[in-house]
**Student:** 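Handing you this structure, nothing more for now.
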Protein chains: 2
Amino acid sequence: MKTESILDQHNLSKTPCRVDIINTLTSVDVALTENQIKKNLKFDYDRATIFRTLKTFSEKGIIHCVPVEGNEVYYAISKPNYKQTLSHAHFHCNSCGGVYCLNSISIAEPQLPEGFSANKYELTINGCCKKCNE
Amino acid sequence: MKTESILDQHNLSKTPCRVDIINTLTSVDVALTENQIKKNLKFDYDRATIFRTLKTFSEKGIIHCVPVEGNEVYYAISKPNYKQTLSHAHFHCNSCGGVYCLNSISIAEPQLPEGFSANKYELTINGCCKKCNE
DNA sequence: GTTAAAATACAACAATGTTGCAAATATAAT
DNA sequence: ATTATATTTGCAACATTGTTGTATTTTAAC
Ligand SMILES: [Mn+2]
Ligand SMILES: [Mn+2]
Ligand SMILES: [Zn+2]
Ligand SMILES: [Zn+2]
């Protein structure tokens, strides 16, 4: 989907920082940390601006974040078709650190202990990605 | 297992901070954030000391950390029987924020995209815990 | 173009992660 | 028990990240 229509859909004004961030996240097919995003942007923006933009995008569901080991937070664009706000799997490469959304994988829902109820499953798979396996 | 023998097993000297932290994490049956751990300790220790102790314990496999949404890191004691360094499931309660280790659950290993190989699966289940469901 | 609402840069501050180093303490050797 | 050595701790300092107020700039609607 075009960047502009994504913003339109969520009643967000079209500003340089927002456009730049969405363009960046859609052009790469992986999840990026805030710093990785920064490096990929065409222009420089204040840290606070990027922070608030990512926050807005998260709240609107335009992006989703992937918590991985090492206290690093990765952000990925959400493909509306896949309902990424719900159950969702990610792959984390131990070699290059890349984080991939695995949109095609469905998560098996395990039996929970008595009294527990679930509404969302998040699976993180650690291993070696395609590039690093070659 | 007794706190002292845990430290012994890993060639770690028996110091107040280490004993206090292990006692805390074994007495509760849930995962705790660094601040929650601090509140439960019998004595006060410097931030750096707690930081280094948690780091040491993580490296030794005495504890493992659970990354959850909101950039918070939870720490839980590792039960040696369950090989918690490998695939492992956790439950995160949306209501009380509690994080539980689900040692009895085995994770179904999904088919990965061509070229990807996995060595560890981490499943985080969000929902409502037993206490909050009552 | 004018105007109101919203986004941005800047600054400030809070929280967390991290390290060097001297003093205190734990263990091992005597 | 005393001493010696290795380790741990507290303190300080600094880095990184998270967060918010506010004046200025920019957007979108009229
Ligand atoms: Mn994803
Ligand atoms: Mn666990
Ligand atoms: Zn890789
Ligand atoms: Zn609960």
Side-chain angles (χ1 to χ4, degrees), chain A residues 2-25 31-60 62-75 97 99, chain B residues 2-25 31-60 62-75 97 99:
Chain A
K2 277 183 185 169
T3 298
E4 196 169 334
S5 50
I6 293 176
L7 292 172
D8 247 30
Q9 274 193 326
H10 294 91
N11 282 322
L12 294 175
S13 48
K14 184 187 160 194
T15 67
C17 182
R18 287 178 179 162
V19 172
D20 210 344
I21 287 182
I22 294 186
N23 282 340
T24 295
L25 286 178
L32 300 177
T33 63
E34 184 177 326
N35 277 328
Q36 291 174 331
I37 292 173
K38 245 179 236 174
K39 283 176 199 153
N40 280 280
L41 294 175
K42 289 217 174 68
F43 302 100
D44 274 337
Y45 310 92
D46 191 75
R47 247 164 38 80
T49 303
I50 295 179
F51 169 78
R52 282 190 264 230
T53 302
L54 292 175
K55 194 178 175 190
T56 302
F57 285 176
S58 291
E59 286 163 0
K60 295 278 187 177
I62 297 173
I63 63 175
H64 61 281
C65 62
V66 188
V68 299
E69 301 175 63
N71 316 335
E72 280 191 305
V73 184
Y74 284 76
Y75 299 91
V99 173
Chain B
K2 278 185 185 166
T3 299
E4 196 169 334
S5 51
I6 294 176
L7 292 172
D8 247 29
Q9 274 193 329
H10 294 89
N11 282 324
L12 294 174
S13 50
K14 184 188 161 193
T15 67
C17 182
R18 287 179 179 162
V19 172
D20 209 346
I21 288 182
I22 294 186
N23 281 341
T24 295
L25 286 178
L32 300 178
T33 64
E34 184 177 326
N35 277 328
Q36 291 173 331
I37 293 173
K38 248 179 235 174
K39 283 176 199 151
N40 280 280
L41 294 176
K42 290 216 173 71
F43 301 100
D44 275 338
Y45 310 92
D46 191 74
R47 247 166 37 79
T49 303
I50 295 179
F51 170 79
R52 282 189 268 227
T53 302
L54 292 174
K55 195 178 175 190
T56 302
F57 285 176
S58 291
E59 286 162 1
K60 295 279 186 174
I62 297 174
I63 63 175
H64 60 281
C65 64
V66 188
V68 299
E69 300 175 63
N71 315 337
E72 280 190 304
V73 184
Y74 285 76
Y75 300 91
V99 172

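Just so it is clear: chains get the letters A, B, ... in the order the sequence lines come, proteins before strands, and each one is counted from 1.
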**Student:** With A/C17, which of A/T49, A/D44, A/D46, A/L41 fulfils side chain to side chain contact (heavy atoms under 4.5 Å, CB included)?
**Tutor:** A/T49
**Student:** Tell me the interatomic distance from A/I37, atom CD1, to D/dT17, atom P, rounded to whole angstroms.
**Tutor:** 13 Å
**Student:** What's the spacing between A/I6 CD1 and A/I62 CD1 if we round to 0.5 Å?
**Tutor:** 7.0 Å
**Student:** Can you tell which of B/I37, B/L32, B/T33 makes a side chain to side chain contact (heavy atoms under 4.5 Å, CB included) with B/N35?
**Tutor:** B/T33
**Student:** Provide, to the nearest angstrom, the distance between the CZ atom belonging to B/F57 and the P atom belonging to D/dT8.
**Tutor:** 10 Å
**Student:** Return the CZ to CG distance between B/F57 and B/L12, rounded to the nearest 0.5 Å.
**Tutor:** 6.5 Å
**Student:** Nearest-Å distance, NZ (A/K55) to C1' (D/dT19)?
**Tutor:** 8 Å
**Student:** To the nearest angstrom, how far is A/E34 atom CD from D/dT19 atom C1'?
**Tutor:** 12 Å
**Student:** What is the bend of the helix from C/dG1-D/dC30 to C/dT30-D/dA1 when you compare the axis at one end with the axis at the other, using five pairs each and rounding to 10°?
**Tutor:** 40°
**Student:** Have a look at B/N11 and say if it touches a base, only the backbone sugar-phosphate, or nothing, with a 4.0 Å heavy-atom cut-off.
**Tutor:** nothing
**Student:** Below 4.0 angstrom, which residues in residues 38-48 of chain B have at least one non-hydrogen atom near DNA chain C?
**Tutor:** B/R47, B/A48
**Student:** Going 5' to 3' through nucleotides 22-30 of chain D, assign each nucleotide B (protein heavy atom under 4.0 Å from a base atom), S (under 4.0 Å only from sugar-phosphate atoms) or - (no protein heavy atom that close).
**Tutor:** B----SS--
**Student:** Take atom CD of A/E72 and atom P of D/dT16, then tell me their distance rounded to the nearest Å.
**Tutor:** 13 Å
**Student:** Let me know the distance between CZ of B/F51 and C1' of D/dA13, rounded to the nearest Å.
**Tutor:** 15 Å
**Student:** Mind jotting down which residue pairs meet the salt bridge (Lys or Arg N to Asp or Glu O under 4.0 Å) criterion with at least one end in residues 11-22 of chain B? Sequence neighbours excluded, please.
**Tutor:** B/E4-B/K14
**Student:** Could I get the full list of side-chain contact (heavy atoms from CB on, under 4.5 Å) partners for A/D8, not counting sequence neighbours?
**Tutor:** none
**Student:** Could you point out which residue of B/I50, B/T24, B/I21 forms a side chain to side chain contact (heavy atoms under 4.5 Å, CB included) with B/K38?
**Tutor:** B/I50
**Student:** Measuring to OP1 and OP2 of D/dG18, would you say a side-chain N or O of B/N71 lies under 4.0 angstrom away?
**Tutor:** yes
**Student:** First contact, last contact: which nucleotides of DNA chain C are these for chain B, 5' to 3', heavy-atom distance under 4.0 Å?
**Tutor:** C/dT16 to C/dT27
